[in-house]
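Reviewing the structure listed below.
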Number of protein chains: 2
Amino acid sequence: MDAFAAVADPTRRGVLRLLRDRERAAGDLAVAFPALSQPAVSRHLRVLREAGLVTVRIDEQRRLYSLRPEGLVEIESWLTSLRTFWSQGLDALERHLDVQTAAKAAGEEPAKRDSKRSKPSKSRLAKSAHAQRKEGKRR
Amino acid sequence: MDAFAAVADPTRRGVLRLLRDRERAAGDLAVAFPALSQPAVSRHLRVLREAGLVTVRIDEQRRLYSLRPEGLVEIESWLTSLRTFWSQGLDALERHLDVQTAAKAAGEEPAKRDSKRSKPSKSRLAKSAHAQRKEGKRR
DNA sequence: TCGCTATTTAACAGATGCGTTATATAACGT
DNA sequence: ACGTTATATAACGCATCTGTTAAATAGCGA
C-alpha cells in the first residue's frame, strides 16, 4: 500500500497526528482509539510501517512508533507538482489562474472555447477510446 | 468520498495531473487512459467532483473538467499541520526530532474515529488496552 | 519454567472500491 | 424525428480493506 492509500484512512491519519508530537507505544496508540480493537490498530500500524510513514523501535516488550517524515515527502512533492501556480491562498490562486489561462493560450493547445474543433495534435490523448476498445470486444 | 480517499487512486491522480495544465473534456480524459473504459473514467470524474477536487463546465455536448485547487487545500493543510517542524529537509528534521522529544510533553488530543461511541474523558493515553476494552465493551 | 504484559498474526465476515458491459440521457446537425 | 457524438448511470462480479475474535509470539520478572 502506498503512502496515498495509507493516509486515506482517518484512523491512520489520527495515528500520524499522535505521532507528530512524540513517539508512542503501540498500546498507547490503541487506547487512543476506543472505537477500535487493539489488533485493528496494530494492523493500521503495519500499513503505516509498510508505507514508510512510521518506524518502530523496540523497547522491552513494547514497540515504540514514531513518524518517518521522509515517507510523507512523496505526498508533499505530488502536491507541489500539482500546485505549480495556485499556491493555496485563494487570492494568489485566482491571480495565477488568470495569468496562466492567458499565458498558456499562447504556446499550448487551445483545448477550449471554440466548440467543434478539428483534431488538434493531442499530445497524449490518442484516438477514440471507443474505437480502440471496440476492436475485439464482443457485441 | 473525501479528498484523501479520492487522491488515493492512481488514475484519479493522473486525471488531476492532466487537469493541472488546462481544462479537458471528459472524453479526452477517457482517451488518456487506454487501459480503462470510458465509464470507468467517468466514474473517477464523479468521485473527483464529489470530493471537490474538480469542477465541470458544460460546453455543447461536452463536459469540460478543470482542477479546483480549493479542494486540495484540505490535504495541503493536513500535511502542513503534520509538518510543524520537520519541513522536509532532513536536516531541520533531525534537529527538531531531538528538540521535540525532550521538550514536548503535553497538548494533543486523541483522534475522533466517527460515530457516537467514545470515551473522550480518557485522560491521555491510559495503561492497558486490554483491560480497558475488557470492561464491558463487547459488541 | 511459569505467568504476565505487550503486540502481532491468523482466519473470517461484511463493506466498499474499481472495473466491465449494457443502457440511458443530453445536445447537436440534418 | 432521427442519427450521431459525448457522457453518465445501472447492474453486476471480484478484489481489497477494515474490523472482529482467537491464538501465537516476544520479553520480562519471579
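Every chain is numbered from 1 and lettered A, B, ... according to where its sequence line falls, protein lines coming before strand lines. Computed from a predicted structure; not experimentally measured.
The CG atom of B:Leu45 sits 6 Å away from the P atom of D:dA8 (whole-angstrom rounding). Rounded to an integer number of Å, the gap from B:His44 NE2 to C:dT20 C1' is 12 Å. In this structure, CD of B:Gln38 is placed 15 Å from C1' of C:dC18, rounded to the nearest angstrom. Going from atom CG of A:Asp59 over to atom P of C:dT5 covers 18 Å, rounded to whole Å. Atom CD in A:Glu50 sits roughly 15 Å away from atom P in D:dT16 (whole-Å rounding). Put simply, CD on A:Glu60 is 14 Å from C1' on C:dC4, counting in whole angstrom units. One interatomic measurement links the two molecules: CD of A:Glu23 to P of C:dT7, which rounds to 12 Å at whole-angstrom precision. The CZ atom of A:Arg62 sits 13 Å away from the C1' atom of D:dC28 (whole-angstrom rounding).
When distances run from any side-chain atom of B:Arg63 to the nucleotides D:dA8, C:dT7, C:dT9, the shortest one goes to D:dA8. The listed nucleotides are D:dC28, C:dG19, C:dT8; the one nearest the side chain of A:Gln61 is D:dC28. Nearest nucleotide to the side chain of A:Pro39, out of C:dT7, C:dA22, C:dT8: C:dT8. Comparing C:dG19, D:dG19, D:dA8 by their closest approach to the side chain of B:Leu36 singles out C:dG19.
Contact annotation for A:Ala40: base contact, defined as any heavy-atom pair under 4.0 Å involving a base atom. Within 4.0 Å of A:Tyr65, counting heavy atoms only, lie sugar-phosphate atoms of the nucleic acid but no base atom.
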Considering only nitrogen or oxygen atoms on both sides, find all protein atoms under 3.5 Å from nucleotides 12-17 of chain C and state each distance.
none

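Qualifying ring pair (Phe, Tyr, Trp, His ring centres under 6.0 Å) partners for B:Phe33, counting only residues two or more places apart in sequence or in other chains: none. Annotation: salt bridge (charged side-chain N to carboxylate O under 4.0 Å, His left out) contacts of B:Glu50 (sequence neighbours excluded): B:Arg46.
The closest side-chain donor-acceptor pair between B:Tyr65 and B:Arg57, if any, does not fall under 3.5 angstrom.
A sub-4.0 Å separation between OP1 or OP2 of D:dG19 and a side-chain N or O of A:Ser37 is absent.
Residues B:Glu74 and B:Ala3 come closest through the heavy atom pair OE1-CB, 3.5 Å.
The residue among A:Ile58 and A:Val47 whose nearest nucleotide of DNA chain D is located toward the 5' end is A:Val47. Mapping B:Arg49 and A:Ala8 onto DNA chain D via the closest heavy atom, the residue that lands nearer the 5' end is B:Arg49.
In this structure, the side chains of A:Leu48 and A:Leu16 come closer than 4.5 Å at one or more pairs of heavy atoms.
Expressed to the nearest 0.5 Å, how far CG of A:Leu67 lies from CG of B:Leu82 amounts to 5.5 Å.
Of the charged side-chain nitrogens involved, none lies within less than 4.0 Å of a carboxylate oxygen, so that A:Asp59 and A:Arg63 do not count as a salt-bridged pair.
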